[in-house]
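The structure displayed is predicted, hence computed values, not measured ones. Read the numbers this way: they start at 1 and go in the same order the structure lists the ligands and their atoms.
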Amino acid sequence: LAAALLIHTPSAAQQEFTIYAAAADDLHIAAEMRGIMAAEMGNDWDTDHPGWRQRFAEYFSNKQKRGDSQTFFARVGDEVIGMATVSLVDEYHAYVRGRLSGRVNSVYVARQHRRKGIGRALMHAALEWLRGKGCAVARLNASEEGVALYESMGFQKRREYELFF
Ligand SMILES: CC(C)(COP(=O)(O)OP(=O)(O)OC[C@H]1O[C@@H](n2cnc3c(N)ncnc32)[C@H](O)[C@@H]1OP(=O)(O)O)[C@@H](O)C(=O)NCCC(=O)NCCS
């Protein structure tokens with residue numbers, strides 16, 4: 001019983017995964033995972049946005065090569081089971097006030113690996129990257145499932161509006 005308990009302590013679970021910075025040429029893996037995430041949220045991007053996978057990989061790969069973005073992967077064994085992407089955002093405060101801002105996108109952990117601290121570890125890596133770039137703020141759109149994680153890390157809800165044409 002003692003051994004079984006030990007295996008299930010959070011610290012033991014946390015040692016089962018690795019977080020690492022993705023290579024710019026590996027972002028087709030991120031696109032695959034983003035497709036799975038969209039499907040889980042009830043969206044079929046292949047029907048709605050044909051060719052999106054290639055454009056996704058291209059966009060973040062080019063941005064990463066310029067030093068303006070980084071994707072992080074979580075790996076268990078040889079399998080990539082989670083991701084988070086961060087980017088520097090071009091907006092006027094950054095220029096006017098010299099306050100760089102960052103955006104977090106595509107935070108995903110495969111269902112069978114959730115609640116082991118992987119999402120939190122991915123977010124830590126992502127936010128550290130933005131801090132290292134000198135960002136004064138990080139922003140994201142939260143899914144319902146992400147709210148608890150983001151709020152526990154200090155994210156606060158603000159008052160941004162949007163209008164679709
Ligand atoms: C959101 C998501 C990335 C969290 O990943 P995860 O690896 O399970 O997160 P963690 O194990 O690091 O959880 C960290 C904390 O967040 C909170 N949390 C995470 N999932 C939660 C859930 N389903 N319900 C309530 N709280 C939750 C908890 O406080 C948790 O800490 P605890 O397990 O010690 O209680 C994952 O659920 C996911 O991929 N969901 C589908 C895609 C999605 O919604 N992504 C976010 C887009 S903005």
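In this structure, the side chain of Gln70 does not engage the main chain of Ala21 through any donor-acceptor pair within 3.5 Å.
For atom 29 (O) of ligand 1, the nearest protein heavy atom (residue, atom name, distance) is Arg120 NH2, 4.2 Å. In terms of protein heavy-atom proximity, atom 7 (O) of ligand 1 is nearest to Gly119 N, 2.7 Å. At the top of the distance list for atom 40 (N) of ligand 1, counting protein heavy atoms only, stands Glu145 OE1, 3.3 Å. At the shortest separation from atom 26 (N) of ligand 1 among protein heavy atoms lies Ala148 CB, 3.5 Å. Scanning the protein heavy atoms around atom 35 (O) of ligand 1, the nearest turns out to be Arg115 NH2, 3.0 Å. Among all protein heavy atoms, the one lying closest to atom 11 (O) of ligand 1 is Gly117 N, 2.8 Å.
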Checklist entry - Passes side-chain hydrogen bond (donor to acceptor under 3.5 Å, both in side chains), Thr85 versus Arg34? Steps please. => result CA-CA 11 Å; Thr85 293; Arg34 190 63 188 84; over 6 Å; no

Checklist entry - Could you go step by step and tell me if Phe60 and Ser87 meet the side chain to side chain contact (heavy atoms under 4.5 Å, CB included) rule? => result CA-CA 9 Å; Phe60 285 111; Ser87 315; 3.7 Å; yes

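To the nearest 0.5 angstrom, Ser143 atom OG is 9.0 Å from Leu149 atom CG. Note that CZ of Arg75 and CD1 of Ile19 are 10.0 Å apart. Values are rounded to the nearest 0.5 Å. Interatomic distance, Arg53 CZ to His28 NE2, rounded to the nearest 0.5 Å: 12.0 Å.
Counting atoms of ligand 1 from 1 in the listed order, those under 4.0 Å from a heavy atom of Met41 are 42 (C), 43 (C), 44 (O). Applying the 4.0 Å criterion to heavy atoms of Tyr150 picks out, from ligand 1, the atoms 46 (C), 47 (C), 48 (S). Heavy-atom proximity to Lys116, at under 4.0 Å, picks out these atoms of ligand 1: 11 (O). Every atom of ligand 1 with a heavy atom of Val107 under 4.0 Å away is listed here by number and element: 3 (C), 42 (C), 43 (C), 45 (N), 46 (C), 47 (C). Within ligand 1, counting atoms from 1 as listed, the ones closer than 4.0 Å to a heavy atom of Ser143 are 43 (C), 44 (O), 45 (N), 46 (C), 47 (C), 48 (S). Against a heavy-atom cut-off of under 4.0 Å, Glu40 is close to the following atoms of ligand 1: 41 (C). Atoms of ligand 1 found under 4.0 Å from any heavy atom of Tyr108 (numbered from 1 in listed order, with element): 39 (O), 42 (C). For ligand 1, the atoms sitting less than 4.0 Å from at least one non-hydrogen atom of Asn141 are 48 (S), numbered in the order shown with element in parentheses.
The heavy atom nearest to atom 14 (C) of ligand 1, out of those in Leu122, Val104, Val109, Leu149, is found in Leu149.
In Met37, the part holding a heavy atom less than 4.0 Å from any atom of ligand 1 is the side chain.
Residues satisfying the salt bridge (Lys or Arg N to Asp or Glu O under 4.0 Å) criterion with Arg66, sequence neighbours excluded, are Asp68.
Using a 4.0 Å threshold on non-hydrogen atoms, atom 44 (O) of ligand 1 counts as touching the protein. In this structure, atom 1 (C) of ligand 1 is in close contact with the protein, since a protein heavy atom lies within 4.0 Å of it.
Checked for salt-bridge contact, Arg55 and Glu58 miss the test: no charged N lies under 4.0 Å from a carboxylate O.
The one candidate from Val107, Thr71, Leu127, Leu130 that meets the side-chain contact (heavy atoms from CB on, under 4.5 Å) condition with Val86 is Leu130.
The shortest side-chain heavy-atom distance between Lys65 and Asp25 falls under the 4.5 Å cut-off. Looking at heavy atoms from C-beta onward, Arg114 lies in side-chain contact with Glu145 at the 4.5 angstrom threshold.
Hydrophobic clustering of Ile, Leu, Val, Met, Phe, Trp and Tyr side chains at less than 4.5 Å, counting indirect connections, unites Met41 with Phe56.
Considering backbone and side-chain atoms together, His113 places no N or O closer than 3.5 Å to any N or O of ligand 1.
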